[in-house]
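In what follows, a single structure is set out as structure tokens and then discussed.
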Amino acid sequence: MKPDVILIVDDDPAIRLLMKHALSDNQFKIFEAESAEQAIELFEQNSPDLTLLDVTMDGMDGFECCAELRKLPGTQQKAIVMVTALDHPEDIEKAFEYGATDFMTKPLKWGLFNHRVRYILKANQNLVELKSNQEKLAKAQTMARIGSWEWDFESPYLECSDEMYRLLGLKPQSIPITYEQISTMIHPDDLAHFRSTLVYTLKNKKNYDIEYRIICGEDTIYIHDKTEVVNGRLTGIVHDITNHKKSEQEIAYFAYYDTLTELPNRRLFINQLESAISTAKRRKERMSLLFIDLDRFKQVNDSYGHHVGDELLCQAADRIKECVRVSDVIGASQSAAPRGENKVARLAGDEFTVILCEVNAVENVAVIAQRLIDRFKEPFDIDGNQAQISVSIGVAFYPDDGVDVNTLLQHADAAMYHAKEQGRNNYQLFSTEMNKFLQDQLKIEMDLKQALSDGDQLVLHFQPQINTKTQLITGFEALVRWQHPTKGLLFPLEFIGLAETSGLIVEMGQWILTEACCQAKKWQDAHGKNYQMAVNLSALQFNKDCLPSQIEQAISVSGLNPRLLELEITETAIIHDVSEAIPLLFEIKKLGIKLAIDDFGTGYSSLSYLKNFPIDTLKIDKSFIDEIVNNVKDAAIAYTIVQLASNLGLSTVAEGVEYLEQQVILQEMGCGQIQGYLFSKPMSPASIEETFFKELSKD
Ligand code: C2E
Ligand code: MG
Ligand code: MG
């Protein structure tokens with residue numbers, strides 16, 4: 001073993017001699033210096049492990065000498081002990097300030113001197129090793145992106161390693177770190193879990209082991225945070241696992257996605273179909289599956305090569321996605337807010353599937369299938385060349401055609417083959433009854449188009465609304481009827497839905513509005529009565545692009561005072577998108593017309609919304625009126641609605657009043673108006689004139 005090197009610095013030769021003597025039993029290599037200047041020179045040459053440095057010397061004193069020595073390279077690991085006769089605390093303080101490791105006071109106790117020196121050497125050696133280990137550890141942690149921290153459960157601050165700071169995107173030790181501050185950097189989706197873990201830990205003083213994401217500027221870092229309670233302190237190791245997570249995600253991506261089209265592959269599709277089925281089951285809804293096959297794709301592949309085939313598949317995937325996007329489909333379905341997403345997958349080769357999650361009605365699915373077929377009529381552009389390819393589509397419904405993944409898939413596939421047999425470029429439903437139903441619907445849709453252009457098949461019937469106190473007519477509700485050339489008189493329930501899915505409702509609504517206004521004006525002119533005219537609006541008419549102009553046109557064509565026109569809207573139409581509905585309601589209110597909520601009580605019934613809507617009337621739904629005499633609950637609901645309306649300064653109309661008892665109760669409740677078979681069924685304008693205006697005309 002190499003002997004320790006000691007440098008004795010003292011201007012008193014006697015002290016140097018005594019020191020050297022006291023240390024002579026050991027294997028030390030000893031140098032002596034009589035001045036600070038000489039000490040510096042010897043230090044540079046021999047790099048002593050321990051320097052015993054006298055404070056009071058001629059020339060440069062011990063303090064300054066110590067400071068100079070500390071400036072030399074490599075001195076940090078060496079022990080420098082000040083030997084001084086001064087024992088004022090300030091001097092000792094000063095010694096440390098100038099970089100001393102320790103101090104000894106004169107007179108020295110020679111018996112102990114030897115032990116003291118050996119102890120200092122040993123302690124310094126330990127310190128040097130500890131420091132080097134710490135450095136190695138910090139380096140290793142930096143390389144592995146591992147940070148550490150400690151917390152005593154009491155103080156607001158965590159003691160964090162430099163690497164912990166770096167992981168948080170901060171300069172090491174730049175600011176004190178609190179849990180609260182870490183929370184502000186955590187990804188919002190992970191925050192709740194982080195907080196609840198912390199609350200649990202605080203309460204139980206237990207370890208935790210969690211993963212969360214930290215947002216550092218543009219980057220998101222995945223962190224694994226594992227703790228242990230040691231001596232009442234929580235010690236944490238924090239590991240950056242971003243790369244690990246990324247590769248995990250990549251593996252998952254390849255396992256579940258088709259790399260060519262980036263659509264979900266068969267495996268993910270099966271999972272999605274399973275969950276769509278269970279959602280539909282829970283909500284007692286219908287759900288549909290489309291099986292799409294490109295017609296004669298093999299020919300394209302064989303004649304133009306795989307490169308063209310691949311490109312065609314990618315473009316086909318994009319077209320399918322476009323056609324089934326929920327925001328586009330929703331207009332065709334009558335459902336309110338979208339609750340899910342339609343899912344497209346590539347099953348294999350040129351086979352694609354679509355899960356339509358919310359399109360319940362058969363006609364709505366047909367609209368989408370047809371849209372797909374039409375979209376494929378447009379040629380594809382592949383590297384500047386035009387290519388044409390059509391699709392055959394099979395459709396199966398849950399629960400009608402199957403209640404599990406396999407059956408549903410098989411049946412959609414069978415329907416697709418049927419579409420191929422039918423000459424390709426078409427869609428088929430799996431069950432024949434449904435096909436038949438759909439055919440009928442399509443036929444009615446064509447007829448409706450015809451009816452709109454013919455102009456005399458659609459007619460309006462009118463039902464009087466009566467003031468409960470005076471028993472006099474206050475106005476009429478216009479209700480549309482369709483005089484079908486072969487099917488006879490059709491009621492709205494048989495064709496309004498179809499008019500909505502096909503988009504014909506807008507044109508039809510315009511006709512109804514204008515016709516109703518003209519009729520009201522006609523009666524006003526003929527009989528001098530200011531009857532109010534109530535007109536129903538479909539949810540699909542209720543949008544800012546068409547409604548205000550439709551109303552303006554109806555008013556200007558008819559010349560009706562807008563105050564006599566009341567539009568009936570359902571709650572669902574408004575709630576579908578409240579932020580759009582409110583400004584629209586105000587805009588149409590500005591035209592001077594009145595607004596009523598139809599079928600009140602059956603929709604979302606968010607009473608809190610009511611005060612924000614500029615409405616005039618609530619129409620209590622027939623379902624509450626039916627049993628109002630015998631059912632206490634229904635009576636209570638009707639009463640509440642009347643009270644609510646009265647508090648908000650709105651009027652009420654009870655719908656579907658068929659018996660006198662109902663009328664009496666409603667009268668007692670304070671309901672202003674009633675409408676129903678008791679007074680009159682909806683009738684043609686001629687019958688209305690005959691029944692109610694004959695007397696007036698005579699006057
Ligand atoms: P609604 O607006 O709630 O109309 C009231 C419905 O109840 C009418 O049915 C009416 O004939 C019926 N009704 C009235 N009093 C009684 C009664 O005492 N007993 C019974 N059992 N029924 C009664 P209708 O004409 O078949 O219309 C049904 C629904 O179709 C209407 O409900 C409305 O939502 C819609 N509708 C009718 N006409 C139009 C229209 O011109 N445009 C639009 N968009 N929808 C319309
Ligand atoms: Mg109505
Ligand atoms: Mg109603």
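One-based numbering, in listed order, for ligands and for the atoms of each.
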Applying a 4.0 Å heavy-atom criterion (strictly less than), which segment of [X] is in contact with ligand 1: side chain, backbone, both, or neither?
X    : result
I496 : side chain
D599 : side chain
I512 : side chain
V657 : backbone
K681 : neither
R481 : side chain

So between [options], whose heavy atom ends up nearest [atom]?
atom                    : options          : answer
atom 40 (C) of ligand 1 : V480, D626, L460 : V480
atom 21 (N) of ligand 1 : Q541, K622, M508 : K622
atom 12 (C) of ligand 1 : F491, F495, Y677 : Y677
atom 29 (C) of ligand 1 : A596, A478, P492 : P492

Q. For the side chain of R286 and the backbone of Y398, is there at least one donor-acceptor N/O pair under 3.5 Å apart?
A. no
Going by the order shown, which atoms of ligand 1 are within less than 4.0 Å of some heavy atom of [X]?
X    : answer
Q463 : 14 (C), 15 (N)
G676 : 15 (N), 18 (O)
E658 : 17 (C), 18 (O), 19 (N), 20 (C), 21 (N)
L537 : 44 (N)
S538 : 44 (N)

Starting at [atom1] of [X], measure out to [atom2] of [Y] and round the result to the nearest 0.5 Å.
X    : Y    : atom1 : atom2 : answer
E566 : I615 : CD    : CD1   : 10.0 Å
T652 : L666 : OG1   : CG    : 8.5 Å
K377 : N425 : NZ    : CG    : 6.0 Å

Q. What about the rings of Y531 and W523, do their centers lie closer together than 6.0 Å?
A. no
Q. Are F491 and F495 near enough that their ring centres are under 6.0 Å apart?
A. no
Q: Evaluate the ring planes of F462 and F476, with Trp represented by its six-membered ring, and classify them as parallel (under 30°), tilted (30 to 60°) or perpendicular (over 60°).
A: perpendicular
Q: Would you mind reporting whether V629 and E661 have side-chain heavy atoms less than 4.5 Å apart?
A: yes
Q.
So I496 and M508, do their side chains get closer than 4.5 Å, heavy atoms only?
A. yes
Q. Looking only at N/O atoms, are P682 and ligand 1 under 3.5 Å apart anywhere?
A. no
Q | N or O contact, E477 vs ligand 1, cut-off under 3.5 Å | A | yes
Q. N/O/S of E477 less than 2.8 Å from the Mg ion (ligand 2)?
A. yes
Q. Is the distance between the Mg ion (ligand 2) and the nearest N/O/S atom of E655 smaller than 2.8 Å?
A. no
Q. If you look at D598, which of its N/O/S atoms is nearest to the Mg ion (ligand 2)?
A. OD2
Q.
Looking only at N, O or S atoms, which one in E568 sits nearest to the Mg ion (ligand 2)?
A. OE1
**Q.** Neighbour count above 12 (heavy atom, 6.0 Å) for R563 CZ
**A.** no
Q) What closest approach, in Å, do Y659 and L678 show between heavy atoms, and which atom pair accounts for it? A) O-CD2, 3.6 Å
(Q) Looking at every non-hydrogen atom in both residues, tell me the closest pair between N342 and V324 and how far apart they are. (A) ND2-O, 2.8 Å
(Q) Using a 6.0 Å distance limit plus a 45 degree cone around the ring axis, check whether K589 lies over the aromatic ring of F586. (A) no
